[in-house]
Amino acid sequence: MPQMNMVQAINDALRVAMRRDKRVVLLGEDVGKVGGVFRVTAGLFDEFGDARVIDTPLSEGGIIGAAVGMAMYGLVPIPEIQFADFIWPAYDQIVNELAKYRYRSGGEYPVSMVIRTPVGGGIRGGHYHSQHPEAHFVCVPGLKVVIPSNAYDAKGLLLSAIADPDPVLFFEPKRVYRAAKGEVPEGEYTVPLSSAAVVRAGDDVTVLAYGAMLYEALDASAKAQQQGVHCEVIDLRTLWPVDIDTILRSVEKTGRLVIVHEAPRTGGYGAELVSLVCEKAFYHLQAPPVRVTGFDTPFPYTLETEYMPLSHRILPAVLQVARA
Amino acid sequence: MPQMNMVQAINDALRVAMRRDKRVVLLGEDVGKVGGVFRVTAGLFDEFGDARVIDTPLSEGGIIGAAVGMAMYGLVPIPEIQFADFIWPAYDQIVNELAKYRYRSGGEYPVSMVIRTPVGGGIRGGHYHSQHPEAHFVCVPGLKVVIPSNAYDAKGLLLSAIADPDPVLFFEPKRVYRAAKGEVPEGEYTVPLSSAAVVRAGDDVTVLAYGAMLYEALDASAKAQQQGVHCEVIDLRTLWPVDIDTILRSVEKTGRLVIVHEAPRTGGYGAELVSLVCEKAFYHLQAPPVRVTGFDTPFPYTLETEYMPLSHRILPAVLQVARA
Amino acid sequence: MSSHQGAAGVQEPLEVFRVLRDDGTLDPEHDPGLTTEEVVEIYRGLVLTRTLDQRLTALQRQGRIGFHVGSLGEEAAILGSTYAMRDTDWIFPCYREFGSALMRGLSLQKFLDNMFGNANDTVKGRQMPDHYTCREKRWGSISSPVGTQITQAVGFAWAAKIDGKDIATLTYFGDGATSSPEFHSGMNFAGVFKVPTVFFCRNNGWAISVPTERQTASATFAQKADAYGVVGVRVDGNDLFAVIAATRQAVERAARGEGPTLIEALTYRMGGHSTSDDPLRYRGDEQLEPWAARDPIERVRHHLTRLGAWDDEREAACIADVDARFKQAVAVAEQTPPPPLESMFEDVYESPPWHLVEQREQLIQGPRAPKSH
Amino acid sequence: MSSHQGAAGVQEPLEVFRVLRDDGTLDPEHDPGLTTEEVVEIYRGLVLTRTLDQRLTALQRQGRIGFHVGSLGEEAAILGSTYAMRDTDWIFPCYREFGSALMRGLSLQKFLDNMFGNANDTVKGRQMPDHYTCREKRWGSISSPVGTQITQAVGFAWAAKIDGKDIATLTYFGDGATSSPEFHSGMNFAGVFKVPTVFFCRNNGWAISVPTERQTASATFAQKADAYGVVGVRVDGNDLFAVIAATRQAVERAARGEGPTLIEALTYRMGGHSTSDDPLRYRGDEQLEPWAARDPIERVRHHLTRLGAWDDEREAACIADVDARFKQAVAVAEQTPPPPLESMFEDVYESPPWHLVEQREQLIQGPRAPKSH
Ligand SMILES: Cc1ncc(C[n+]2csc(CCOP(=O)(O)OP(=O)(O)O)c2C)c(N)n1
Ligand SMILES: Cc1ncc(C[n+]2csc(CCOP(=O)(O)OP(=O)(O)O)c2C)c(N)n1
Ligand SMILES: [Mg+2]
Ligand SMILES: [Mg+2]
């Protein structure tokens with residue numbers, strides 16, 4: 001099986017989807033000739049041409065609005081937002097239009113697409129090239145939110161998302177774009193949406209993580225093990241609708257919960273996870289759930305590694321929860 | 001003391017602020033000659049003229065972007081977004097600019113303003129005239145989020161917000177714009193931000209509510225009382241930074257928590273409240289916290305009273321939590 | 001030749017394209033060449049539209065429906081432009097064009113079902129009145145937010161172009177919507193990619209209480225086309241024939257692969273913004289007078305009367321017919337029950353995920369709201 | 001006269017305003033009338049800007065700074081326009097105008113402190129390199145998102161107008177930014193309210209890899225002004241004198257209460273978009289040739305040499321001076337420690353609320369990140 005990093009795996013998924021289905025089109029800023037500022041769409045312009053791999057004017061609202069219309073027609077648009085930090089000009093089209101289209105039209109106009117966008121910090125991007133905005137989308141009924149942590153899942157989840165009848169935000173953790181290498185099958189395969197993966201088994205503490213922070217959670221869990229604390233680490237993969245069963249199964253076993261995410265703590269996605277677990281497994285909890293997250297500030301530049309919830313901050317949280 | 005409804009109280013606060021400080025300007029769609037579609041700015045155009053009560057072109061992004069520039073100059077802009085449902089085209093200016101300006105400029109450019117906007121359902125507005133989007137703003141570092149439930153607080157909180165050095169989202173619960181009547185002092189007074197009000201004392205269950213749903217929480221609490229359950233109802237008034245002390249004091253007493261909000265449950269502000277209480281008062285909790293909220297669908301039209309977390313849905317939740 | 005000069009070459013910016021003369025005759029140079037039967041048919045649609053507007057406003061005043069947003073005075077702009085589109089073309093509406101939907105084939109009953117938000121409403125009672133949908137007639141979905149349909153109309157037509165199909169879209173919006181980001185992006189994308197979209201701007205003088213001179217400092221809306229390398233035309237929106245001719249030209253241009261056209265239809269909002277609005281707060285009734293004198297329906301009637309194709313008797317019969325159908329449809333709509341509870345959870349996703357299944361059960365098992373409809 | 005005609009009256013849309021002739025002389029009709037000393041002073045700024053660009057790119061290649069976004073080829077457009085503004089006017093920058101900030105008085109040291117994100121950085125190490133701030137010189141705050149400064153510049157100037165002060169703003173942005181919603185709203189608001197803002201569009205041919213013909217179908221960017229009832233002018237952006245003259249006219253217009261001007265400066269991005277970009281992927285080097293032949297700095301040098309006010313010796317001394325100052329500033333910046341941990345929690349609000357106090361303590365008490373700077 002070929003080795004690929006996440007950029008290559010996503011590129012491969014796009015190629016597979018475009019070869020199989022003429023309706024699939026890509027659009028965005030710099031996705032064409034230059035193949036994306038992260039090279040995720042490299043080579044696709046040459047293979048599929050200007051009508052299907054489209055460099056657009058600089059307007060995220062225009063990109064998503066046009067993609068909505070394309071989807072209504074019957075194409076399968078995969079718009080790219082160059083950095084998640086620049087998705088806000090399209091937020092109206094996403095929240096008020098895309099997410100509500102099927103509902104507001106009584107089912108007459110289902111509108112689905114996959115919005116691809118790189119997220120997260122750790123690339124020295126400061127607060128305009130590091131945001132991790134899942135909380136802003138998980139709270140919007142009608143959207144699905146997906147984030148892979150490795151190359152295999154990236155391709156398999158993206159192919160699932162493209163086939164999905166609902167709009168999907170597909171977040172790409174750019175900190176591990178190149179580092180997350182692994183074996184990736186050629187051709188078609190899928191990783192189902194709304195299915196989390198238990199990536200490390202353990203009985204003491206459940207650690208929920210996703211995207212680039214999964215590796216930090218794993219690193220902290222390995223270190224915790226040396227101190228006798230056995231973590232069960234779950235890669236959520238789909239943030240909404242989340243795989244609640246896998247989470248509950250683990251928490252019912254461990255009774256202890258740590259959640260890791262890069263976004264600021266307040267109003268973050270971690271709060272929803274805490275609440276779900278409290279609602280559904282309260283009496284299993286033996287300690288207060290803990291969120292290890294970015295701080296409630298804009299994402300900084302020089303101090304980014306202090307800002308992010310890296311292994312050195314996860315480990316004490318895990319130990320504290322284990323011993324509470 | 002004069003009796004006012006919330007519309008009149010807000011109008012009065014604006015007048016007080018504008019009379020005292022020439023730097024205060026209002027801008028928005030239909031805020032001028034016609035005095036706002038809810039008449040909140042009625043009479044201000046006549047008193048303060050076209051340069052300070054400004055009807056703008058139809059662009060929420062333009063309104064907030066221009067207001068940011070005005071604030072940088074030294075004016076005190078109070079932009080109105082006609083319905084919170086239409087705030088999304090301005091979301092980029094709010095999230096990436098307004099909220100981060102002080103931080104990103106190392107403190108050189110503090111930018112403050114009060115963005116007024118009517119929120120919530122119950123006026124037969126369907127999903128484009130009923131949204132209650134606090135979750136989308138509480139998760140953004142740098143913003144403050146305020147929502148009064150009555151006329152007295154509306155004026156006092158608005159005057160505090162206008163004097164505040166940070167950007168404030170001032171949500172006006174339009175369902176009770178006219179119903180929430182009460183005595184409102186003339187002239188200056190303030191209700192401090194980040195201070196919740198215990199509006200009903202009780203030992204059994206803490207109920208957190210705000211805006212229009214406060215009345216539903218109170219109604220349910222009165223009914224619960226008839227069944228021997230004594231609720232402590234807290235009107236949060238400021239959603240962020242929230243008055244955590246008042247919340248904890250109550251939960252530490254009652255050990256039971258019900259949160260009410262109109263917005264969809266998933267990723268809603270209630271999740272943050274559950275998480276904060278779990279983090280800080282876990283061992284006081286005697287039952288799982290419960291969220292009584294709007295459903296995870298776009299806000300419907302015909303079935304809006306079934307959608308909203310009105311008294312009939314709060315009461316069973318309170319009784320369940322009390323008896324758990 | 002630059003597009004700037006191109007647009008300017010078509011007409012001077014302040015020139016307004018007219019076909020129907022004051023004496024009821026048509027300028028033969030631009031006459032779109034409709035048969036008298038066709039004009040009568042459209043005329044019936046105009047009368048239907050205006051009559052329904054009046055009846056719906058009355059229903060709202062009686063508290064039987066919650067809201068109505070009407071098109072008084074703008075009927076010719078709306079019906080003429082829809083008429084000019086081919087059946088295979090798609091319409092992306094704003095909220096003020098029920099006349100267009102009915103012309104395309106939305107049934108009066110379905111329209112009324114939406115006004116009452118009942119179980120038969122095409123949008124299942126989820127949206128306000130006047131927010132129906134009619135996909136089978138290639139007619140879009142209505143959103144309250146201003147301007148959002150514009151980029152969507154562009155995306156749709158662009159998709160058809162990519163797919164090699166000769167399909168154009170027409171999108172309606174008001175003068176206020178030209179200030180929206182969607183107008184800017186939609187026009188710009190359409191210009192760059194030569195997308196077959198007709199941008200139909202109903203310049204009715206107002207955005208709720210904000211007059212056009214507060215909306216833009218440009219002398220016309222049509223000239224905004226120039227900023228996007230797009231052809232712009234200004235048409236008398238109260239002249240049915242001019243609207244038809246101009247829209248047809250735009251569709252032909254689209255079909256020839258020459259891309260988009262911006263049409264500014266000069267008309268006037270003769271009523272309030274909606275039933276929630278009281279225009280007397282910001283506008284004197286005397287401002288209506290010049291426009292009343294050029295009423296778009298009267299002008300067609302004059303034209304038809306001159307041809308001997310219409311008279312008072314036919315007018316009365318036409319209105320009586322509308323009234324009868326309306327009464328019947330209202331009666332049915334009012335008796336139709338509200339959408340079932342569980343419908344609230346449908347169509348959020350193609351199929352409800354676990355959390356919606358849970359919430360649906362909670363709602364159904366739980367107590368009913370006291371004021372439930 | 002309609003604004004359309006007004007704008008057209010100033011110049012034909014495709015005409016480009018030029019002052020500096022190929023032979024190094026100035027068109028006397030439009031000569032902005034600078035003294036030779038003034039021109040020399042600006043020329044030194046141009047050399048400073050270009051030299052720093054080269055040195056910063058080298059630093060980035062050495063891994064000593066993380067990023068740089070340069071202005072190679074656009075120096076005259078940037079410095080000329082800033083020079084033309086009055087000291088009391090405010091600049092709302094994009095990310096490519098460090099030459100403007102230095103001209104206004106940002107110290108080289110502060111600039112380098114920002115490039116290294118150290119404790120003395122005006123933005124406290126919170127933003128990427130090239131995202132400094134300089135309020136004391138009436139120079140704004142840099143945001144990476146494209147276009148957001150445009151409406152803000154309008155709001156600022158509008159506020160000054162409301163306050164009765166004669167203050168204008170100038171805002172920089174690229175050709176790509178004209179597609180943003182902020183350009184649309186900013187131009188529109190400025191037109192409607194006659195706001196004294198100069199919209200300075202650096203048309204450098206590219207938005208990263210997207211060429212101008214993919215950005216708009218309009219023949220020029222200047223003509224977009226017309227859509228807003230605003231005056232638009234097109235100037236040779238590689239002609240320092242033309243840029244100064246056109247910008248001065250815009251400021252004078254603003255001061256007379258006549259509102260905004262859109263200036264399109266025709267120039268070319270001679271480097272990559274930033275140090276992260278490899279332009280060879282989408283652009284041949286031969287495309288640079290015609291622009292290299294009209295290099296904006298060479299042209300001024302030619303002009304000065306002709307006047308006997310500049311020569312190779314002075315050039316070498318000027319660059320040596322820049323290099324010495326640069327070396328010194330880099331040395332200081334590189335030795336300056338990173339911002340203190342607690343600074344991360346300052347300036348989110350005027351004073352930290354309880355949750356930030358808590359989080360600050362958690363961070364300070366907790367373990368340090370392994371790769372902390
Ligand atoms: C984005 C947005 N902002 C504000 C509103 C509130 N609003 C509804 S209609 C309207 C005026 C629209 O005017 P125009 O585009 O001229 O259309 P018209 O109503 O005149 O047909 C406004 C401000 C809205 N629906 N959407
Ligand atoms: C809203 C937004 N979208 C995308 C980006 C990514 N991006 C950064 S610069 C740029 C191109 C800008 O081109 P232009 O406006 O012509 O300015 P130039 O870089 O040529 O000076 C893009 C797409 C961004 N910063 N902001
Ligand atoms: Mg209008
Ligand atoms: Mg450019």
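Below, chain A is the first sequence line, B the second, and so on; all start at residue 1.
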key: Option that, when pairs with chain A are counted at under 4.5 Å, heavy atom only, ranks first among B:H127, B:K280, B:E60   = B:H127
request  = Below 4.5 Å from any heavy atom of chain A, which atoms of B:P264 appear? Answer side chain, backbone, both or neither.
outcome  = side chain
note = If one checks every heavy atom of B:I94 against chain A at 4.5 Å, the contacting part turns out to be neither
Contact class of A:Q93 relative to chain B, heavy atoms under 4.5 angstrom = neither
task = Could you look at B:E134 and say if it's the side chain, the backbone, both or neither that has a heavy atom under 4.5 Å from chain A?
result = neither
request  = Heavy atoms only, distances under 4.5 angstrom: which of B:G61, B:A281, B:C139, B:P133 has the most pairs with chain A? Name it, please.
outcome  = B:C139
remark   = Scored by heavy-atom pairs under 4.5 Å with chain A, the best of B:D296, B:V140, B:I87, B:V290 is B:D296
inquiry  = For A:F137, which atoms come within 4.5 Å of any heavy atom of chain B: side chain, backbone, both, or neither?
reply    = neither
request  = Pick one of side chain, backbone, both or neither for A:P298, based on which atoms fall under 4.5 Å of a heavy atom in chain B.
outcome  = both
request  = Any chance you could measure A:S275, atom OG, to B:I259, atom CD1, to the nearest 0.5 Å?
outcome  = 7.0 Å
query = Side chain, backbone, both or neither: which part of A:A287 has a non-hydrogen atom closer than 4.5 Å to chain B?
reply = both
task = Would you please classify the geometry between the A:F282 ring and the B:F282 ring as parallel, tilted or perpendicular, with 30° and 60° separating the classes?
result = tilted
task = Output the option from B:D92, B:V138, B:T266 having the highest count of non-hydrogen pairs under 4.5 Å with chain A.
result = B:T266
request  = Measure distances from A:V95 to the heavy atoms of chain B and classify the residue's part below 4.5 Å as side chain, backbone, both or neither.
outcome  = side chain
request  = Can you measure from CZ (A:R265) to CD (B:E279) and round to the nearest 0.5 angstrom?
outcome  = 5.5 Å
note = Separation between OH (B:Y91) and NE2 (A:H136), nearest 0.5 Å, reads 4.5 Å
ask   = Taking atom CZ of B:R104 and atom OH of A:Y128, what is their separation to the nearest 0.5 Å?
value = 4.0 Å
task = Mind listing the closest non-hydrogen atom pair of A:Y283 and B:Q286 along with its distance?
result = OH-O, 4.0 Å
message = If I compare all heavy atoms of B:Y103 with all of A:P300, which pair ends up nearest, and what's the gap?
response = OH-CB, 4.2 Å
key: A:L285, part contacting chain B, at a heavy-atom distance under 4.5 Å   = both
